[in-house]
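So you know, we letter chains A, B, ... as the sequences are listed, proteins then strands, and number each from 1. Quick note: numbers below take in every heavy atom, side chains included, and nothing from hydrogens, waters or symmetry partners.
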There are 2 protein chains.
Amino acid sequence: MDHGTRAEPRERLSRDTVLRAAVALADEYGIARLSMRSLAEVLGVVPMALYKHVANKDDLLDGMLDVIVGEIDPPVEEREWRDVIRRRVLSARRVLRRHRWARRVLETRTAMTPGVLAYTDSFIGMFLERGFPVDLTHHVMHAIGSRMWGFTQELFDDPEADPAQAAADAVPDQAALQQMAMRYPNVLRVAMASTHDDGVVGRGCDDQFEFEFALDLLLDGIGDRHARGWTSARPGADR
Amino acid sequence: MDHGTRAEPRERLSRDTVLRAAVALADEYGIARLSMRSLAEVLGVVPMALYKHVANKDDLLDGMLDVIVGEIDPPVEEREWRDVIRRRVLSARRVLRRHRWARRVLETRTAMTPGVLAYTDSFIGMFLERGFPVDLTHHVMHAIGSRMWGFTQELFDDPEADPAQAAADAVPDQAALQQMAMRYPNVLRVAMASTHDDGVVGRGCDDQFEFEFALDLLLDGIGDRHARGWTSARPGADR
DNA sequence: CTTGACGAGTGTACGCCGTACACCTACCGT
DNA sequence: ACGGTAGGTGTACGGCGTACACTCGTCAAG
């Protein structure tokens, strides 16, 4: 009974199986109970084995986000920008509700992982392809970013969120930039537009402006509802 | 040289000094570097000494938020609801930027601490006192809550964010409820209104509805800016 | 002035955590 | 047949939150 496929031939791990197991574990017991040790245990492996597939715990968390961002539905075919955006955001929300820990983790991280970038790029594309100017798209992304998790919010800003590691990602080298340009053209266009002079990707994005833009969007809407005597017409009794 | 007030008579700690030291420490070195041990050290005290003033680290974090929520300016005297709200939100934002760790911590916590409740109550009051119906106010609070930190967002919802401790805060006893009613009347009015039948504070708040309400607010605004050919008229060169 | 209770600060210890580093070993292409 | 290498192991370290038992200074009552 130990020829061919053995009873339990100790399946090899892969980055993907590790990440998926981590997501499942966090889904079931909450992010607080996800440790390298507990994860290793459910995988039937010693903790240090995981480090052959993820660089460290932060990398694990980034990877987990990358996995779930892949669960967001692709944009529907639709001429109306509003419907397209709305559906996508609601799909993202569904994902975040399926993985309750994700919001928390997102807040901690400035992801920039391939999956997140791809999603962001696609999201920006939904606007650009439907005639939104780059300029407006940029602000809109900021405005939608936070609650709605249209994307990951801190993509371009906050050079020194953590006082120490400021210089870490300092200047992206030319090669990396070219990679970006090819893979994430929409991200790049928007990033470029937020610069006021030459072509450098630099810090052209005014945080305070973005904030007030989003705030005024909301205040306009609120004023409108108020003026129209809006009321939530939810049925009385059940549900 | 050891009579009357000694050179360093070992000032007694208090909850307040502990909390303020924690805020200062987090401000300077980031929340990751704030440990019970490091905090004890800057206070010239052994780690366990802190536990005479805070119940545990979570309590410490809640306390820290309570301290900084006190830094938000009170509402200005102003007839226009929009200006009042706008200023308050911008003040809150200023506080959050002064204490970069706070956003992160807020996300982790369902505060409900006295200071946060007081702020929330006052915030709700700004709407109610200016003629907003309770119903609309409720939704607006949800809509503003997240990015803007008009308030703390998860105040009434998510019964089982953490699978384990669901039953912890289960039914608030009558006495606590009466306390609430007196100290935070506005919070109570809004909470009551979100119930569909009898007078219990229960879980009457439809998360999905709130989300879509806020989303549509934003989408309306975005559509409006787009239709009007809006563009960010930021000056070209300097600043 | 004595005493005894009490609350602030101490010391030790435990069980978690992330992960560095050296090691083993099964598999692969040559 | 063999050497390299990628995947899994074992041990160990320093840091974390905090339980629990303690000392000691203060102060009110006797």
Taking atom C1' of C/dG11 as reference, at what distance in whole Å does atom CG of B/Leu50 sit?
15 Å
Looking only at C/dA8, D/dT9, C/dG18, the nucleotide nearest the B/His53 side chain is C/dA8
Between C/dT10, D/dG10, D/dT18, which one does the side chain of B/Ala49 approach most closely?
C/dT10
Interatomic distance, B/Leu65 atom CG to B/Arg109 atom CZ [nearest 0.5 angstrom]
7.5 Å
Can you tell me how far C1' of C/dC24 sits from CE of A/Met48, to the nearest Å?
15 Å
Measure CG/A/Leu39 against P/C/dG18 and give the value in whole Å, please.
10 Å
Go through D/dG7, C/dT19, D/dG10 for me and flag the one nearest to the A/Arg12 side chain.
D/dG7
Side-chain contact check for A/Tyr51: nearest option of C/dG9, C/dG18, D/dG8 is C/dG18
Partner of B/Ile68 under side chain to side chain contact (heavy atoms under 4.5 Å, CB included), picked from B/Val105, B/Asp27, B/Val95, B/Leu106, is B/Val95
Is it the case that the ring center of A/His142 lies less than 6.0 angstrom away from the ring center of A/Phe209?
no
Rounded to whole Å, how long is the line connecting atom CZ of A/Arg37 with atom P of C/dT19?
11 Å
Hey, does the side-chain of B/Lys52 have a donor or acceptor N/O within less than 3.5 Å of a partner on the base of C/dG9?
yes
Whole-Å distance between C/dA8 P and B/Leu43 CG?
15 Å
Between atom CD1 in B/Ile31 and atom C1' in D/dC16, what is the gap in whole Å?
15 Å
note: A/Asp59, atom CG; C/dT19, atom C1'; distance rounded to Å ~ 14 Å
Whole-Å distance separating the CG atom of A/Asp58 from the P atom of C/dC17:
16 Å
Parallel, tilted or perpendicular for B/Phe123 and B/Phe127, by the 30°/60° rule?
tilted
